[in-house]
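By convention in this document, chain letters (A, B, ...) are assigned in the order of the sequence lines, proteins followed by strands, and residues within each chain are numbered from 1. Scope of the values below: all heavy atoms of this structure, side chains included, with no hydrogens, waters or symmetry mates.
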Protein chains: 2
Amino acid sequence: MFEWLKNSLEEHVSLTKEEWEYFKNYFRPKRMLKRQFLLQEGDVCRELAFVEKGSLYSYTVDSAGNKHVIRFAFEGWWMANLHSFFTEQPTRLNIEILENSELLMLDRKNHDKLLEELPAYERYNRIILQNAYVALQQRVENALGLTAEEKYDRLIEESPAFLNRVPLNLVASYLGVSPETLSRVRGNYNR
Amino acid sequence: MFEWLKNSLEEHVSLTKEEWEYFKNYFRPKRMLKRQFLLQEGDVCRELAFVEKGSLYSYTVDSAGNKHVIRFAFEGWWMANLHSFFTEQPTRLNIEILENSELLMLDRKNHDKLLEELPAYERYNRIILQNAYVALQQRVENALGLTAEEKYDRLIEESPAFLNRVPLNLVASYLGVSPETLSRVRGNYNR
DNA sequence: AAAGATTATTGACAAACATCAAGAAATCAT
DNA sequence: ATGATTTCTTGATGTTTGTCAATAATCTTT
């Protein structure tokens, strides 16, 4: 149940056995089914979610009712709306379960407590954020000023894993193109 | 010379006078003129830059020779290519001075040393990264699936400061739109 | 102040993409 | 297995946006 979290942590910092036992008790395991909502527009995001199993994704809905997928998360990834989590303001994001999932939830109080009591956790957070920032910047590079085809090219180069686990209409939204356009771009590949 | 840096730090963590004196000595002041390059494609990013005065921006150049502006930075902001800084791999980014600037440079060795020796610096980094991540996520939301006009609307809502200090062709690139389209969108405003 | 360089606007046209609509394929639930 | 959803593809059409080209405005430099 805590394997991915343990690996993620150990990848970046070192903890004693005692620290780890202490650490893991702050998390609340939570199972969720496909199509359930971890967070809905208007809610305040009160917990960070770490994915032990399954997948989920976040999106906004614009005034015309169109979904805009912001991000996916799979095993070993964190998911939350950080803006809402830190400001305690209602979110404009929805987070929906994509595949039946096992999550480890950490609320704000416990997050703050861990930051105070476990310097390794503060360091872990810094490094995770560093990596997330770099990845997100890459996403901006790939989203701006590229054609639909170029975006798709880069996606299969950089994260082919997506395509096996995420329906294409969500991939399309993630790339900022219509499902029809994505379908046509893919068609061009197979000949 | 260190005012913005001091303010930025004190906004998020508290330092004793001695710690501050110790801290600031790790930085190397550097003046740069408009159009100079802080970093060029192919270089390794060896220093973080904190902006005390002026402004600069980062961009990629695609195979067709088009600029894609990734980010601007003004007084009180950090600028670097984190990916290159941490991996020591050559960057695909250019960082160019927009207005004559005064920067405070921190190299990797000193950055690491400060992280080890000054827990407040580690915390400061985590918080700065948190905020940067939230801002970047906002940027992704605003870049994907919006029309040129909507992107411009959101820009003047969220960061009107840009428009007074950045030429419109760079703003256009930042929004992922051609200069002509941006010009037309702005035209629609004034009537 | 004048010449040169850079930046911004406008028009005409072409290309990329979204939308609408219909049908095929795959997945899910009973 | 079978029907019901959901997801995916394909075609026809219209809108948005990019590109090219010319001109105007602004900023720099001497």
How many whole angstroms separate atom [atom1] of [X] from atom [atom2] of [N]?
X: B:L182; N: C:dA8; atom1: CG; atom2: C1'; result: 10 Å
X: B:L175; N: D:dG18; atom1: CG; atom2: C1'; result: 15 Å
X: B:E99; N: C:dT7; atom1: CD; atom2: P; result: 13 Å
X: B:E150; N: C:dA18; atom1: CD; atom2: C1'; result: 13 Å
X: A:E149; N: C:dA18; atom1: CD; atom2: P; result: 14 Å
X: B:N100; N: D:dC27; atom1: CG; atom2: P; result: 16 Å
X: A:L146; N: C:dA16; atom1: CG; atom2: C1'; result: 14 Å
X: B:L168; N: D:dC27; atom1: CG; atom2: P; result: 11 Å

Is any side-chain N of the basic residue among [X] and [Y] closer than 4.0 Å to the acidic one's carboxylate O?
X: A:K6; Y: A:E10; result: yes
X: A:R92; Y: B:E141; result: yes
X: A:E122; Y: B:R123; result: yes
X: A:E96; Y: A:R35; result: no

Exercise for the section: For A:E99, enumerate each residue passing the salt bridge (charged side-chain N to carboxylate O under 4.0 Å, His left out) test, keeping only those at least two apart in sequence or located in another chain. Expected result: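 Applying salt bridge (charged side-chain N to carboxylate O under 4.0 Å, His left out) to A:E99 gives A:R165.
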
Problem - Contacts of A:E102 that satisfy salt bridge (charged side-chain N to carboxylate O under 4.0 Å, His left out) - sequence neighbours left out - result: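 Residues passing salt bridge (charged side-chain N to carboxylate O under 4.0 Å, His left out) with A:E102: A:R31.
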
Handout entry: Between A:F162 and A:F74, ring centroids under 6.0 Å
Key =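 Under 6.0 Å, so yes.
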
Practice task
State yes or no: are the ring centers of A:F50 and A:F27 separated by less than 6.0 Å?
Solution key: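 Judged by ring-centre distance (under 6.0 Å), A:F50 and A:F27 do not meet the cut-off.
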
Problem - Sugar-phosphate only, base, or nothing, as touched by A:G145 at under 4.0 Å among non-hydrogen atoms - result: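 The answer is nothing, as A:G145 stays clear of every strand by at least 4.0 Å.
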
Please tabulate the protein-to-nucleotide N/O contacts below 3.5 Å involving nucleotides 19-23 of chain D, giving atom names and distances.
from: D:dT19; atom 1: O4; to: B:R184; atom 2: NH2; distance (Å): 3.1
from: D:dC20; atom 1: N4; to: B:E180; atom 2: OE2; distance (Å): 3.1

Exercise for the section: Kindly compute the distance separating OG (B:S173) from CG (B:L168), expressed to the nearest 0.5 Å. Expected result: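 Going from the OG atom of B:S173 to the CG atom of B:L168 covers 12.5 Å.
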
Problem - Worked verdict on B:E150 versus B:R154 for salt bridge (Lys or Arg N to Asp or Glu O under 4.0 Å) - result: CA-CA 6 Å; B:E150 289 168 326; B:R154 298 210 181 175; over 6 Å; no

Problem - Residue pair B:E157 / B:P160: nearest heavy atoms and the distance that separates them - result: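 Taking every non-hydrogen atom into account, O-CD, 4.0 Å.
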
Practice task
Please work out whether the ring planes of B:F85 and B:H111 are parallel, tilted or perpendicular, with thresholds of 30° and 60°.
Solution key: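 Correct class here is perpendicular.
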
Exercise for the section: Please work out which of the three classes, parallel, tilted or perpendicular, describes the rings of B:W20 and B:F2, given edges at 30° and 60°. Expected result: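 Correct class here is perpendicular.
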
Handout entry: Side-chain N or O of A:N169 closer than 4.0 Å to phosphate OP1/OP2 of D:dT6
Key =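 No, outside the criterion.
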
Practice task
Report the nucleotide, chosen from C:dT7, C:dT9, D:dT17, that has the shortest atom-to-atom distance to any side-chain atom of B:S183.
Solution key: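 Nearest listed nucleotide: C:dT9.
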
Practice task
Check every atom of C:dT7, D:dT7, D:dT9 against the side chain of A:P167 and return the nucleotide holding the closest atom.
Solution key: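 Out of C:dT7, D:dT7, D:dT9, the nucleotide with an atom closest to A:P167's side chain is D:dT7.
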
Exercise for the section: Give, ordered by number, those residues of residues 57-64 of chain B having at least one heavy-atom distance below 4.0 Å to an atom of DNA chain C; if nothing qualifies, reply none. Expected result: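 Residues of residues 57-64 of chain B that come under 4.0 Å of DNA chain C do not exist, since none gets that close.
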
Problem - Greater than 12 external heavy atoms within 6.0 Å of A:K67's NZ - result: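 Counting neighbours around NZ of A:K67, more than 12 heavy atoms of other residues, nucleotides or ligands fall under 6.0 Å, so yes.
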
Practice task
Give the angle between the helix axes at the two ends of the helix from C:dA1-D:dT30 to C:dT30-D:dA1, taking five base pairs at each end and rounding to 10°.
Solution key: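 Taking the rotation axis at each end, their angle is 60°.
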
N/O contacts under 3.5 Å, protein versus nucleotides 28-30 of chain C?
none

